[in-house]
Amino acid sequence: MGSTLGVAVVGFGWMGRVHTQAYARVPHHFPGLAVRPELIAVADEVPGRAEEAAEQYGFATAARDWREVAADPRVQAVSVAAPNFLHREIGVAMAEAGKHLWIEKPVGLTAQDARAVADAVTKAGVQGTVGFNYRNAPAVAAARELVAAGEIGTVTHVRIRLFSDYAAHPEGALTWRYERERGGSGVLGDLASHGVDLARFLLGEIASLTADTAVFVPERARPTGATAGHTRSTGGELGPVENEDYVSCLLRFASGARGVLEASRVSVGEQNNYGFEIHGTRGAVSWDFRRMGELGVSRGTSYQDQPVSTLYVGPGHGEYGAFQPGAANSMGYDDLKVIEAYNFLRSVAEGTPHGATLDDAVHSAAALDAMARSAEQGTWVSPAGG
């Protein structure tokens, strides 16, 4: 292992904790990495949260204001895991301060926000990685290779789903996530952004789309104190849910393939039901995040009544070999973030982007903006300008 890299985490809810744990684990899984992360600073506006994080994880400094992190010369790279409405301000400021950036999706509230951060990263000459973690699953990497190699023929259509129940309870607190000004486009930015990234990662650019959206839980109680994750709240003043609970979208790819993308944060009975089915002229491949190490694969020359087999990913698929020695040993969500940390630190060490970049975030955000326009206008829309 080579030199140390001073890192900081801004926003210490669940995702900030995941980033921190990924920094701690990455040297163990990728010992050949040329830089070793050193936990310098953590910032969170909730009183006491940063101090607790520093005590638990060993950050040298704790702060309430992220601007202290931007001004700290010991910090060379920053994880931004703050709420969406802060992404642009913090991301631009960190890049302008010369700090490499690992920022959570959707990188702001609009494509304009994502572009501003991307432009700042480019102008500053720093590296930028975005938290599209599902593309890091070794099975997703294997699916991409199968598709690119023509194993299922020419892709004809894909279905991508992201169903969750985290907002299904009517007592879920009216946090920033449900406000247009602070949370942006609701389930579009939260879940559909991952769907767009998977679509592009697996099948290429989206030429046009048409979408429909809905709000199914129209009111929630305002929280009476600090919140983290998906807190429940009772007795507080009711306020309106301003952004989308659900989106369904038809996609047309530049390749000529067609797609369906559907996402919901209020799907009772669904817990992290994320995945895809890709169909081609000679076969198909499917993946379910809840069975992360498995791919359903149908290939051959039978066409009709062609069987589906299960492929258990192993060493040689993506970064699986950094975690397990043989196929069918389970990996978990946090492992995907370790891979993401590896790609970020490798980008910094080599000066070349690895993994999901700010450009990917801009393209995803442009597609989300197009979905919102389409739902409002009732027409097909091009996400051009990504």
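One-based numbering along the sequence shown.
- Put simply, NZ on Lys337 and CG on Asn343 are 11.0 Å apart, with the number rounded to the nearest 0.5 Å.
- Val140 and Val308 are not part of a single hydrophobic cluster, where members link through side-chain heavy atoms under 4.5 Å apart.
- With Arg282 contributing its side chain and Gly150 its backbone, the two residues share a donor-acceptor pair below 3.5 Å.
- In this structure Arg74 satisfies the side-chain hydrogen bond (donor to acceptor under 3.5 Å, both in side chains) test together with Thr61, Asp72, sequence neighbours excluded.
- With hydrophobic clusters built from ILVMFWY side chains whose heavy atoms lie under 4.5 angstrom apart, Phe163 does not share a cluster with Ile160.
- Through chains of ILVMFWY side-chain contacts below 4.5 Å, Val266 is grouped with Phe216, Val217, Tyr246.
- Ring geometry for Phe30 against Phe323 counts as perpendicular: the plane angle is over 60°, on a 0 to 90° scale with 30° as the lower cut.
- For the pair Val10/His19, no side-chain contact is recorded, criterion being any heavy-atom separation below 4.5 Å from C-beta on.
- Phe253 and Gly204 get closest at one heavy-atom pair: CD2-O, 3.6 Å.
- Between Phe344 and Trp102, the ring planes lie tilted relative to each other; the angle falls in the 30° to 60° range.
- Summarising the local packing, CZ of Arg159 is surrounded by 12 or fewer heavy atoms from other residues, nucleotides or ligands at distances under 6.0 Å.
- A donor-acceptor pair shorter than 3.5 Å cannot be found between the side chains of His317 and Glu145.
- Of the residues Glu270, Glu262, Glu277, the one that meets the side chain to side chain donor-acceptor pair (under 3.5 Å) test with Arg161 is Glu277.
- Atoms CD1 and CZ, on Ile40 and Phe59 in that order, are 9.5 Å from each other to the nearest 0.5 Å.
- There is no side-chain donor-acceptor pair under 3.5 Å between Arg290 and Asn272.
- No hydrogens or angles considered: a donor-acceptor pair under 3.5 Å links the side chains of Gln306 and Ser298.
- By the ring pair (Phe, Tyr, Trp, His ring centres under 6.0 Å) test, Trp66 is found to be paired with no residue, residues two or more places apart in sequence or in another chain being considered.
- Checked against a 6.0 Å centroid threshold, the rings of Phe12 and Tyr57 count as neighbours.
- Looking at Asn133 and Glu340, their side chains never bring a donor and an acceptor atom within 3.5 Å of each other.
- Among residues two or more places apart in sequence or in another chain, the side-chain contact (heavy atoms from CB on, under 4.5 Å) test is passed with Glu96 by Val92.
- Between the CZ atom of Phe276 and the CG atom of Asp288 there is a distance of 10.0 Å, given to the nearest 0.5 Å.
- One hydrophobic cluster, built from ILVMFWY side chains closer than 4.5 Å, cannot hold both Phe289 and Tyr312; they sit in different ones.
- Under the side-chain contact (heavy atoms from CB on, under 4.5 Å) criterion, Asn84 pairs with His87, Pro106, Leu109, Trp176, sequence neighbours left out.
- Hydrophobic clustering of Ile, Leu, Val, Met, Phe, Trp and Tyr side chains at less than 4.5 Å, counting indirect connections, unites Phe201 with Ile278.
- No side-chain heavy atom of Asn243 sits less than 4.5 Å from a side-chain heavy atom of Ser185.
- Under a 4.0 Å N-O distance rule, the pair Arg220/Glu179 does not qualify as a salt bridge.
- For an aromatic pair to be called close, the ring centres must be under 6.0 Å apart, and Trp14 with Tyr166 fails this.
- In terms of the side-chain hydrogen bond (donor to acceptor under 3.5 Å, both in side chains) criterion, residue partners of Ser267 (sequence neighbours excluded) are, by chain and number, Ser264.
- Going from atom OG of Ser286 over to atom CD of Glu294 covers 10.0 Å, rounded to the nearest 0.5 Å.
- Note that CG of Asp190 is 9.5 Å distant from CG of Leu162, once rounded to the nearest 0.5 Å.
- Here the CD atom belonging to Glu51 is positioned 8.0 Å from the CZ atom belonging to Arg64, to the nearest 0.5 angstrom.
- The closest side-chain heavy-atom distance from Glu244 to Met371 is not below 4.5 Å.
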(request) Check step by step if side-chain contact (heavy atoms from CB on, under 4.5 Å) holds for Arg25 and Asp335. (result) CA-CA 9 Å; Arg25 291 179 57 197; Asp335 295 330; 2.6 Å; yes

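- More than 12 heavy-atom neighbours from other residues, nucleotides or ligands sit within 6.0 angstrom of CD on Gln56.
- At a threshold of 4.5 Å between non-hydrogen side-chain atoms, the residues Leu261 and Val196 count as touching.
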